[in-house]
K.L.:
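Just dropping this structure here.
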2 protein chains.
Amino acid sequence: MKKNITIADSELPIMKILWEKGTLTSPQIFENMHGNKSTLKTLLQRLVTKGAVTAKENTSRTYLYTAAVTQQEYINSERKSFLQKAFDGSAKKMLLNFVQEEKITKEELQQLIDMIEEG
Amino acid sequence: MKKNITIADSELPIMKILWEKGTLTSPQIFENMHGNKSTLKTLLQRLVTKGAVTAKENTSRTYLYTAAVTQQEYINSERKSFLQKAFDGSAKKMLLNFVQEEKITKEELQQLIDMIEEG
DNA sequence: CAAACAAGACTACAGTTGTAATCTCAAAAA
DNA sequence: TTTTTGAGATTACAACTGTAGTCTTGTTTG
């Protein structure tokens with residue numbers, strides 16, 4: 001059974017950097033970010049503990065950090081959770097709602113259809 | 001400034017019943033649900049404390065509960081949060097992802113366009 | 001009226017989250 | 001070599017969550 005790794009909102013910025021840049025040392029991660037260093041260290045630590053990020057020994061006393069959960073896995077998990085909570089799991093209901101709330105235009109829908117047809 | 005009321009996952013089933021049925025007593029809420037009664041009481045209590053549900057005195061010692069946050073408000077809040085976390089706030093990116101992941105078909109997109117055109 | 005019932009109030013408790021300070025100690029700098 | 005630095009480890013702590021038990025007391029039942 002695969003354990004369900006949850007990425008907290010505060011931890012997400014770190015994941016985004018790792019998804020974008022690949023493998024980095026902690027200073028490299030942090031220089032791409034704002035916020036209190038101590039807090040960031042804690043969040044990175046937690047991600048490692050959870051298994052969302054792997055830490056491979058680099059020089060003694062430092063590590064190279066890499067995302068162990070892919071962005072698509074994260075998105076899939078968030079999508080499922082969102083659809084379930086707000087639309088009983090139905091992507092169709094959601095779409096309808098987005099259209100009604102005007103978060104999506106007819107033009108955008110048409111572009112997608114065109115995209116699909118082009119393959 | 002409006003306070004940001006957060007509805008926890010465990011509390012959502014109660015909200016869903018209130019959204020569906022309107023105003024109910026706690027026994028009426030609970031008879032529509034599964035789960036430990038004591039836990040449900042706690043969750044209902046928390047919803048009242050948060051202001052997500054209002055409790056109007058009924059007979060002495062009992063209340064009538066009503067959702068104070070609408071389902072659409074909840075959905076909007078979840079939508080914003082989901083789009084932000086997974087797609088930098090872009091509904092378009094999300095749609096593209098759904099199409100790629102085959103959560104939405106060309107036919108469904110076409111139906112929506114037709115719906116918009118009919119008004 | 002006495003006993004049982006139960007809605008709501010109060011208490012409990014561990015895990016997660018957001019936020020951050022302090023401690024350790026090897027490596028870099030002076 | 002002595003000092004400084006800083007990555008990582010450890011500790012802190014309150015709010016929120018998930019889950020559930022106990023206490024109070026008015027109401028219902030026998």
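Lettering follows sequence order; numbering is per chain, from 1. Atoms considered below: every heavy atom in the structure, side chains included; atoms not considered: hydrogens, waters and symmetry mates.
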K.L.:
Sequence neighbours excluded, which residues qualify as side chain to side chain contact (heavy atoms under 4.5 Å, CB included) partners of S81(B)?
P.N.:
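In terms of side chain to side chain contact (heavy atoms under 4.5 Å, CB included), with neighbours along the sequence ignored, S81(B) is linked to K85(B).
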K.L.:
Go through the steps for Q28(A) and N32(A) under the test side chain to side chain donor-acceptor pair (under 3.5 Å), then give the verdict.
P.N.:
CA-CA 7 Å; Q28(A) 289 170 335; N32(A) 283 287; over 6 Å; no
K.L.:
It should be established whether K41(A) places a side-chain nitrogen or oxygen under 4.0 Å from OP1 or OP2 of nucleotide dT19(C).
P.N.:
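So the side-chain polar atoms of K41(A) never come under 4.0 Å of the phosphate oxygens OP1 or OP2 of dT19(C).
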K.L.:
What heavy-atom pair brings L83(A) and S90(A) nearest, and what distance separates the two atoms?
P.N.:
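In terms of heavy atoms, the two residues are closest at CD2-O, 3.9 Å.
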K.L.:
Evaluate the criterion side-chain contact (heavy atoms from CB on, under 4.5 Å) for residue pair L96(B) and K93(B); output intermediate values, then yes/no.
P.N.:
CA-CA 5 Å; L96(B) 181 58; K93(B) 275 192 199 172; 5.7 Å; no
K.L.:
Hey, does the side chain of N36(B) reach the backbone of S38(B) with a donor-acceptor pair shorter than 3.5 angstrom?
P.N.:
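Yes; at least one donor-acceptor contact below 3.5 Å.
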K.L.:
Could you give all pairs that pass the side chain to side chain donor-acceptor pair (under 3.5 Å) test and reach residues 7-19 of chain A, with sequence neighbours left out?
P.N.:
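Qualifying pairs, neighbours excluded: E11(A)-K50(A).
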K.L.:
Looking at Q45(B), I'd like to know whether one of its side-chain N or O atoms comes within less than 4.0 Å of OP1 or OP2 on dG8(C).
P.N.:
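No, Q45(B) has no side-chain N/O under 4.0 Å of OP1/OP2 on dG8(C).
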K.L.:
Sequence neighbours excluded, which residues qualify as salt bridge (Lys or Arg N to Asp or Glu O under 4.0 Å) partners of E118(A)?
P.N.:
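Counting only residues at least two positions away or on another chain, E118(A) forms no salt bridge (Lys or Arg N to Asp or Glu O under 4.0 Å).
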K.L.:
With sequence neighbours excluded, what pairs up with F87(B) under the ring-ring contact (aromatic ring centres under 6.0 Å, His included) test?
P.N.:
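In terms of ring-ring contact (aromatic ring centres under 6.0 Å, His included), with neighbours along the sequence ignored, F87(B) is linked to F82(B).
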K.L.:
With sequence neighbours excluded, give me every salt bridge (Lys or Arg N to Asp or Glu O under 4.0 Å) pair touching residues 21-40 of chain A.
P.N.:
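Counting only pairs at least two positions apart or across chains, no salt bridge (Lys or Arg N to Asp or Glu O under 4.0 Å) contact touches residues 21-40 of chain A.
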K.L.:
Sequence neighbours excluded, which residues qualify as side chain to side chain contact (heavy atoms under 4.5 Å, CB included) partners of N76(A)?
P.N.:
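Per chain and number, N76(A) pairs via side chain to side chain contact (heavy atoms under 4.5 Å, CB included) with Q72(A), R79(A), E101(B).
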K.L.:
Look for any protein N or O under 3.5 Å of an N or O in nucleotides 14-18 of chain C and output each such pair with its distance, or none.
P.N.:
unit_1: dT17(C); atom_1: OP2; unit_2: K50(A); atom_2: NZ; d: 3.0
unit_1: dG18(C); atom_1: OP1; unit_2: S10(A); atom_2: N; d: 3.3
unit_1: dG18(C); atom_1: OP2; unit_2: S10(A); atom_2: N; d: 3.2
unit_1: dG18(C); atom_1: OP2; unit_2: S10(A); atom_2: OG; d: 2.1
unit_1: dG18(C); atom_1: O5'; unit_2: S10(A); atom_2: OG; d: 3.4
unit_1: dG18(C); atom_1: N7; unit_2: R46(A); atom_2: NH1; d: 2.7
unit_1: dG18(C); atom_1: N7; unit_2: R46(A); atom_2: NH2; d: 3.4
unit_1: dG18(C); atom_1: O6; unit_2: R46(A); atom_2: NH2; d: 2.9

K.L.:
Please list, by residue number, the residues of residues 53-74 of chain A whose heavy atoms come closer than 4.0 Å to an atom of DNA chain C; answer none if no residue qualifies.
P.N.:
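DNA chain C contact set from residues 53-74 of chain A: S60(A), R61(A).
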K.L.:
Taking only residues two or more places apart in sequence, or in another chain, which ones meet Y63(A) in a ring-ring contact (aromatic ring centres under 6.0 Å, His included)?
P.N.:
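Expected list: none.
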K.L.:
Please list, by residue number, the residues of residues 14-33 of chain A whose heavy atoms come closer than 4.0 Å to an atom of DNA chain D; answer none if no residue qualifies.
P.N.:
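Within residues 14-33 of chain A, the residues near DNA chain D are S26(A), P27(A).
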K.L.:
Just grab all the salt bridge (Lys or Arg N to Asp or Glu O under 4.0 Å) pairs involving residues 56-70 of chain A, residues at least two apart or on different chains.
P.N.:
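For residues 56-70 of chain A: none.
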K.L.:
Just wondering, do L112(B) and I104(A) contact through their side chains at under 4.5 Å, heavy atoms?
P.N.:
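No. Closest side-chain heavy atoms not under 4.5 Å.
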K.L.:
Reading DNA chain D 5' to 3', which nucleotide is the first, and which the last, to come under 4.0 Å of any heavy atom in chain B?
P.N.:
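Terminal contacting nucleotides, 5' to 3': dT17(D) to dT27(D).
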